[in-house]
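Counting convention: from 1, in listed order, for ligands and their atoms alike. This is a predicted model, so every value here is computed, not measured.
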Amino acid sequence: MAETRMLKFVKVHQDYPAKRDAGGRKQDFAEISNAYALEKAEEQSGRCSQCGVPYCSVHCPLHNHIPDWLRLTAEGRLREAYELSNATSTMPEICGRICPQDRLCEGNCVIEFSGHGAVTIGSVEKFITDTAWENGWVEPLTPMGDRGQSIGIIGAGPAGLTVADLMRARGYEVHVYDRHDRAGGLLTYGIPGFKLEKPVVMRRVQRLIDGGVIFHQSFEVGRDATLEELRGRHDAILIATGVYKARQIKAPGVGAPGVVEALDYLTASNRKGFGDSVPAFEDGSLDAAGKNVVVVGGGDTAMDCVRTAVRQGAKSVKCLYRRDRANMPGSQREVKNAEEEGVEFVWLTAPEAFDGTDQVSGVRATKMRLGAPDASGRRAPEPDPGSEFRIEADLVVKALGFDPEELPKLFGASELSVTRWGTVRVDHKTMQTSLDGVFAAGDIVRGASLVVWAVRDGRDVSERMHTYLKVKLSKKESTQATPESVAA
Ligand SMILES: Cc1cc2nc3c(=O)[nH]c(=O)nc-3n(C[C@H](O)[C@H](O)[C@H](O)COP(=O)(O)OP(=O)(O)OC[C@H]3O[C@@H](n4cnc5c(N)ncnc54)[C@H](O)[C@@H]3O)c2cc1C
Ligand code: SF4
């Protein structure tokens, strides 16, 4: 049953029906979808009641001026709508695509509260900014003069890119160091292309390059330079390295070939999307085609893995999660999407062991039940004795979340203070770390979070870095002043 639905889904995507315009000319997909998107954007924007209590804006981490740009869109004033949405965000078309709107803006729309379904704010935001790119309304990045100071950004994810954008615009020399060969962080190699098309990310990166931001790709801080060396090169540093230490399952057989990390699996798929050669995909190790796939985890990464497996033509896809549907961390909308695509959710279930020595062949699992609330207030799952069962599996993807890497050790900077969770400790007023002139933002401060929060942090930390650099410059100028120059 699941297999039939899955194959149908893949086929529908492959054979998008050719439509014809009034003159009988075959319209391409872009034309059909543009016309449809405009109609939908205007229709949805017109549904906004302009209620005067913009809970949507309050619950958007960027406090976007949502009702105002919805009104402008409904009036057909798309350029003004774009300019307003661009005023508070460095990547509105990206947030519009991948924010979990059901937990943020749309989940707090008063029309949703009244039971009539939220205005689809994210889709409108995506549409107006995509339209701006198509029409050349997106301004090039033009620095305001040359301030004679430089900053180094470690990490080219949404936090780092936001700071690069805002600080370059202020006239700083901006260098971005990233260990990957392409910029974008998880926008590029984590989030799948069916949710976030990669050209959308790359055109943002290109705009920064064209504006004079200098990218040092395949440059790993800790391997290619220490933090101290970078501090010597720049007037201020931003650490925006994200969180990449995958949480592990402790169970017999977990090391069997075919039991893989979520990020390895997703990165391989994204690299194939770029047309790269990926040996571990080509030899089948990271390709779900024709396989019984089991994904372990209940967060957004797990949802991305199950939906990627469907698109790769998996025979069956099951998602094992130790709590129930109501207590999963992932977006309910993503679960619904995955279910519609034929993914089977096996709730209240945890793996106990993995079968197979040369190749994984199955997962031995046990049912769980929810006990008393733990320290976090969530009911802790505990095994239900005697409920063990087995699931066939040729590929198991571990998607249990991420913790920070040990940055002080990795960067050769023992004085860099971290919290007990390993996130970088910052003074929340200055956003500065324990090291003078070293700031931090994004997931490496918050722990695994969201793109929109990384953008918000990037916006906030740019303000703090700018203030710091102005003071630094004026101190430098006053110490350089000679008695003659002061007199002059
Ligand atoms: C699979 C997956 C799917 C997700 N889906 C969504 C979603 O749909 N919506 C959403 O809002 N959020 C999603 N998230 C979360 C979101 O991607 C992150 O919250 C966001 O990318 C964090 O931004 P960041 O800039 O802090 O870090 P990142 O995006 O992780 O970027 C950090 C960058 O630092 C670089 N780096 C790390 N260490 C070094 C070093 N030593 N030297 C040089 N460079 C280094 C990395 O290569 C990377 O490019 C998802 C996360 C994952 C894992
Ligand atoms: S940035 Fe995200 S939360 Fe804010 S309006 Fe856009 S989609 Fe909604």
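Each of the atoms 32 (C), 33 (C), 34 (O) of ligand 1 lies under 4.0 Å from some heavy atom of A240. Below 4.0 Å from some heavy atom of Y177 lie the following atoms of ligand 1, by number and element: 43 (C), 44 (N). Heavy-atom contacts of A454 reach the following atoms of ligand 1: 23 (O) (cutoff under 4.0 Å). Distances below 4.0 Å separate heavy atoms of G185 from the following atoms of ligand 1: 29 (O), 31 (O), 48 (C), 49 (O). Below 4.0 Å from some heavy atom of G442 lie the following atoms of ligand 1, by number and element: 26 (O). In summary, the atoms of ligand 1 found under 4.0 Å from a heavy atom of D443, numbered by their order in the structure, are 18 (C), 19 (O), 20 (C), 22 (C), 26 (O). Of all atoms in ligand 1, listed by their number and element, those nearer than 4.0 Å to a heavy atom of F402 are 53 (C). Ligand 1 places these atoms under 4.0 Å from at least one heavy atom of F219: 42 (N), 43 (C).
The shortest contact between atom 3 (C) of ligand 1 and any protein heavy atom is with D304 OD2, 2.9 Å. Summary of contacts: the protein heavy atom closest to atom 40 (C) of ligand 1 is V221 N, 3.8 Å. Regarding atom 24 (P) of ligand 1, its nearest protein heavy-atom neighbour is P158 CD, 4.0 Å. The protein non-hydrogen atom at the shortest distance from atom 27 (O) of ligand 1 is G242 CA, 3.6 Å. Nearest to atom 37 (C) of ligand 1 among the protein's heavy atoms is T241 O, 3.2 Å. The protein non-hydrogen atom at the shortest distance from atom 31 (O) of ligand 1 is G157 CA, 3.4 Å. Protein heavy atom nearest atom 25 (O) of ligand 1, with residue, atom name and distance: A159 N, 3.0 Å.
Contacts of K195 with ligand 1, taken as heavy-atom pairs under 4.0 Å, involve the side chain alone. Of all the heavy atoms of L450, the ones lying under 4.0 Å from any atom of ligand 1 are found in both the backbone and the side chain.
In terms of polar-atom proximity, defined here as any N/O pair under 3.5 Å, G155 makes no such contact with ligand 1. Annotation: R179 places an N or O atom under 3.5 Å from an N or O atom of ligand 1; distance criterion only. Residue L186 places at least one N or O, backbone or side chain, under 3.5 Å from an N or O of ligand 1.
With salt bridges taken as basic N to acidic carboxylate O contacts below 4.0 Å, none links R97 and E125. Ion pair D394/K291 not flagged as a salt bridge, since none of the NZ, NE, NH1 or NH2 atoms sits closer than 4.0 Å to an Asp/Glu carboxylate oxygen. A salt bridge does not link K195 to D300: none of the charged side-chain nitrogens sits closer than 4.0 Å to a carboxylate oxygen. In this structure, K336 does not pair ionically with E339, as no charged nitrogen and carboxylate oxygen lie closer than 4.0 Å. Remark: R307 engages E334 in a salt bridge, criterion side-chain N to carboxylate O under 4.0 Å. A salt bridge between D210 and R203 is absent, with no side-chain N of the basic residue lying under 4.0 Å from a carboxylate O of the acidic one. Salt bridge annotation for E173-R168: absent, with no cationic side-chain nitrogen under 4.0 angstrom from a carboxylate oxygen. The pair R207-D165 counts as a salt bridge, with a side-chain nitrogen and a carboxylate oxygen less than 4.0 angstrom apart. Under 4.0 Å is where a charged nitrogen must lie from a carboxylate oxygen, and between R456 and D460 at least one such pair does. No salt bridge links K126 with E93; every basic N to acidic carboxylate O contact stays at or beyond 4.0 Å. E83 and R79 are joined by a salt bridge, as a carboxylate oxygen and a charged side-chain nitrogen come within less than 4.0 angstrom of each other.
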Please test I391 against L320 for side chain to side chain contact (heavy atoms under 4.5 Å, CB included), starting from the C-alpha separation and ending with a verdict.
-> CA-CA 10 Å; I391 304 171; L320 258 58; 3.5 Å; yes
For side chain to side chain contact (heavy atoms under 4.5 Å, CB included), just list the numbers for R179 and Y244, CA-CA rounded to whole Å, side-chain angles, deciding distance to a tenth of an Å, and then say yes or no.
-> CA-CA 12 Å; R179 64 182 169 199; Y244 285 91; 3.7 Å; yes
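Around atom 6 (Fe) of ligand 2, the protein contributes the following N, O or S atoms at distances under 2.8 Å: E125 OE1.
The aromatic rings of H175 and H216 sit parallel, their planes meeting at an angle under 30°, below the 60° perpendicular limit. Between W137 and Y82, the angle of the ring planes lies from 30° to 60°, which puts this pair in the tilted group.
The closest approach between any non-hydrogen atom of L266 and ligand 1 is below 4.0 Å. Ligand 1 lies within reach of Y244, whose nearest heavy atom is under 4.0 Å from it. Ligand 1 does not have W453 within reach: every non-hydrogen atom of the residue lies 4.0 Å or more from it.
Between F219 and H180, the gap from one ring centroid to the other reaches at least 6.0 Å. Taking the six-membered ring wherever Trp is involved, the centroid distance between the rings of F439 and Y468 falls below 6.0 Å.
A cation-pi arrangement is present between R182 and F274, with the terminal nitrogen or guanidinium carbon under 6.0 Å from the aromatic centre and inside a 45° cone about the axis.
Residues satisfying the side chain to side chain donor-acceptor pair (under 3.5 Å) criterion with R322, sequence neighbours excluded, are absent altogether.
Comparing V451, D178, T301 against atom 12 (N) of ligand 1, the shortest heavy-atom distance belongs to V451. Comparing V176, I191, I98, I153 against atom 5 (N) of ligand 1, the shortest heavy-atom distance belongs to I191. Taking each of A441, G458, G330, S449 in turn, the one with a heavy atom nearest to atom 15 (C) of ligand 1 proves to be S449.
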